[in-house]
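Following: one structure in structure tokens, then a few remarks.
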Amino acid sequence: MNSHSSTTAQTQSSSRARFIAAVLLIIALGLTARLFHIQYVIGSQLSEWRTRQQIYVEKIPARPGTLVDRHGRMLAGTMKQKSLFCVPKQIENPRKFSKDLAGLLSLNVKEMSQRIKSHSDRSFLWLKRRLDSDVVLKIQSLDLPENSFGFRDEYLRKYPQGNLAAHVLGHRDIDGNPHGGLEEAVDQRLRGVNGQRTLMRDALGRVISINAHKTKAAQHGPVVSLTLDVVIQTILENSLSEVMEKWNPEGACGIVMDPKTGEILALASHPNYDPNNPVSEDPRIWNNLALGAQFEPGSTFKPFVVAWALQNEVINKESAFHCGYGKYQMGRRLLRDHHPYGNLNVTDILVKSSNIGMAKIGERLTNEKLYEAAVTFGFGGKTGLDLPGELTGLVRELKDWTSYSTGSIPMGQELSATPLQIISATAILANGGAFVQPHLIKQKSKKIQTSVRSQIIDQDIADWLIQEPLRQVVVRGTGKRANIDRYKLFGKTGTAQKYDAKIGKYSHSKLVCSFVAGAPVHDPQLLVIITVDEPKDENPNVLGGGSVAAPAVAKVIEKSLIHRNVSPDLQLVRETINPIR
Amino acid sequence: MVFRFLCALALFVAVTAIGIWIERQNLDWNRVVSRQHYQREIFEENIARLKTEVEELGAPARILEQLNPKVVEDEKGDVK
């Protein structure tokens, strides 16, 4: 009995052991199968998930480059500013959320709440971009729901000189896209190259470490040096502001240039705007009149005709022309001068700006040579300045010229030019007869000249024109309001009538008044042009290049030369102290 | 025998402890280097911000504006 019961107990315990062993085996097999599944079936997918969760590649945005003037003063720089976003998915009460924030962000509570509600399925929504640091601090101190909002750093373009040179610099919008000026012209260079860094994160998304081996530093935009001089730019802009205030024109612009190198030292157009906040209802502010507007050059064109006539030996420096006492019948056309003149030599034709004298020089040159003169001095083509939006001006094809053109072209009619073209052409006379390409980006080395320079007229002709007729224009001619005590200026006034499409002819009230001048006369260091579009006055007869633009140009030249440490003309200073009576 | 066993155990513990210490140091340095990546960005940003502020404060237009009343006074003085 006992042996039977013990046998039964043994059988029971061995079957239990087998059962347990079988269960353990099944568990072990299950685990092995699961391990196999994890390792070989879904292993690669899990590994991918892990990598995605743990490793994060962060973009390092390149900081756009800095624009500085010729002395290193910053004109445009970049800094970071925080922008606020919210996570609509995480916001349970949009109304309360908006109420807490709207005041700080200067937004409407209702509109903000509505916006959050309408995007409630999204994980990202900009609330306000580019916030001041004090607003950021106030938002951080608010008791807002966790994970419902965040800040992102964005680059903000800053123009520390304010309105200064706005048309030269252009501006960038909220997304950093360039609009106009050098920002647009050299954007590719300024942009730099974005970098990236690889981060190791924990399960909560916190950064554990940065993988230095896989980090690629951003190549920030370089510092681009311009030829501008902020002080001269300020002088020019102040003068233009005074002109705008005094003559209430549609617009005014000015350029200061080094005639020897073609470097633009200042360029401005008014009305202008603040590139830090480029918002205005006046559409005129966007146009850079210095190169984006074309006018008939008027009398400022006359010296180029004379230069070309001298170069082609159809006249000489002593040539004289009878100006018919103010009237001259040229074919079917009766030409008139403002004042009646008899015999005038070449110098006096320019000094008194005689249209009849110029028409007679034009007759000697003929249309072919007049066309050559216009094209050779750069009219009808872009100067190649490194700014977008430059106009070519208008010089019609020679086949379209008539006998009328022979009288009109020498007095600067029937063609149009930008102020930049006029100053570039005047630079040819001021630097001994060579065309120098105007430019705004400073060349790194004087040995490597990338801008164009080509001889147009003989040096003695250019020097004579500057030192004789154009100097006399300022001493006793139409530009005498530009005569100053310190430096000997030379220049040429221009007063062009604008074509009025309404009446179908030239307007007597809508004028474009210009003055292009330089100094010192024996070694020109600076050239300045100021063009004023439609100046207004109770007495329209006073309007002209000599009265509207010349005093402003003289002021700019005098202050700029002092700033550049150019010695005053001693003879002139002595004459001023002890005037010869 | 016991002594040898204890020595081996101590050696094992020591090697492990040194390994852990080195690993922790490594992690600390990694953390420092990682932080420096961000600190460098902060410094670069501070430089950019300060430079801009300096340029804003020293802008010739702003200085001339402040000097102008004085110039007017001087001119008046000259007239006297």
Side-chain angles (χ1 to χ4, degrees), chain A residues 58 60-61 63-69 71-82 133 153 155-165 195 197-201 206-213 215 217-218 220-221 223 229-238 241 266 276 559 563, chain B residues 11-80:
Chain A
E58 186 183 50
I60 311 171
R63 185 186 293 273
T66 307
L67 293 172
V68 298
D69 85 338
H71 299 299
R73 297 186 193 96
M74 190 194 285
L75 289 161
T78 309
M79 59 166 73
K80 278 182 185 165
Q81 209 154 11
K82 293 205 181 297
S133 50
D153 283 332
Y155 281 131
L156 171 75
R157 201 70 166 152
K158 276 289 240 184
Y159 302 89
Q161 311 287 340
N163 289 23
L164 213 71
R197 67 165 68 93
T198 307
L199 311 173
M200 299 286 283
R201 300 189 300 184
R206 293 174 303 200
V207 177
I208 304 169
S209 68
I210 292 173
N211 189 339
H213 300 293
T215 295
H220 298 307
V223 174
D229 184 321
V230 165
V231 174
I232 296 179
Q233 181 76 29
T234 309
I235 293 166
L236 177 66
E237 301 242 10
N238 287 349
S241 298
N276 290 305
K559 287 183 175 176
H563 166 66
Chain B
L11 189 65
F12 177 76
V13 169
V15 167
T16 310
I18 290 169
I20 290 168
W21 180 78
I22 290 172
E23 191 59 36
R24 286 185 69 173
Q25 283 293 317
N26 191 24
L27 276 172
D28 280 349
W29 284 117
N30 263 347
R31 217 167 285 141
V32 170
V33 170
S34 303
R35 211 172 289 139
Q36 276 176 349
H37 275 272
Y38 289 105
Q39 273 173 343
R40 186 185 149 179
E41 265 182 28
I42 291 167
F43 287 136
E44 279 178 356
E45 178 54 29
N46 284 348
I47 289 169
R49 197 172 287 274
L50 289 171
K51 263 188 187 171
T52 312
E53 271 176 36
V54 166
E55 294 290 341
E56 266 173 351
L57 292 170
R62 185 190 164 100
I63 292 171
L64 282 174
E65 206 172 282
Q66 287 174 352
L67 287 176
N68 261 346
K70 195 168 178 273
V71 171
V72 171
E73 274 172 30
D74 286 349
E75 279 171 1
K76 280 178 188 169
D78 282 344
V79 172
K80 278 177 188 174

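Below, chains carry the letters A, B, ... as their sequence lines are ordered, and counting in each starts from 1.
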For the atom pair CD (Glu41(B)) and CZ (Arg197(A)), what is the distance rounded to the nearest 0.5 Å? 4.5 Å
Counting only non-hydrogen atoms closer than 4.5 Å, does Ile235(A) touch chain B with its backbone (N, CA, C, O), its side chain (CB onward), both, or neither? neither
Taking all heavy atoms of Glu44(B) and all of His220(A), pick out the closest pair and write down the distance. OE1-NE2, 3.5 Å
So which heavy atom on Asn30(B) is nearest to which on Ser209(A), and how close? CB-CB, 4.2 Å
Heavy atoms of Pro160(A) and Ala59(B) approach each other most closely as O-CB, 4.2 Å
For the atom pair NZ (Lys80(A)) and CG (Asn46(B)), what is the distance rounded to the nearest 0.5 Å? 10.5 Å
Mind listing the closest non-hydrogen atom pair of Val230(A) and Pro60(B) along with its distance? CG1-CG, 3.3 Å
Between Glu55(B) and Met74(A), is there a donor-acceptor pair closer than 3.5 Å when you use the side chain of the first and the backbone of the second? yes
So, taking the atom named CD in Glu45(B) and the one named OG1 in Thr78(A), what distance separates them when rounded to the nearest 0.5 Å? 9.5 Å
Turns out that what part of Glu53(B) lies under 4.5 Å from chain A's heavy atoms comes down to neither
Hey, is CZ on Arg201(A) packed in by over 12 heavy atoms from elsewhere, all under 6.0 Å? yes
So, the part of Thr66(A) with a heavy atom under 4.5 Å from chain B: the answer is neither
OH of Tyr38(B): more than 12 outside heavy atoms within 6.0 angstrom? yes
Contact class of Leu75(A) relative to chain B, heavy atoms under 4.5 angstrom: neither
Side chain from CB out, backbone as N, CA, C, O: work out which of these in Lys158(A) comes under 4.5 Å of a heavy atom of chain B, or both, or neither. side chain
Which value, rounded to the nearest 0.5 Å, describes the distance between Glu56(B) atom CD and Asn276(A) atom CG? 7.0 Å
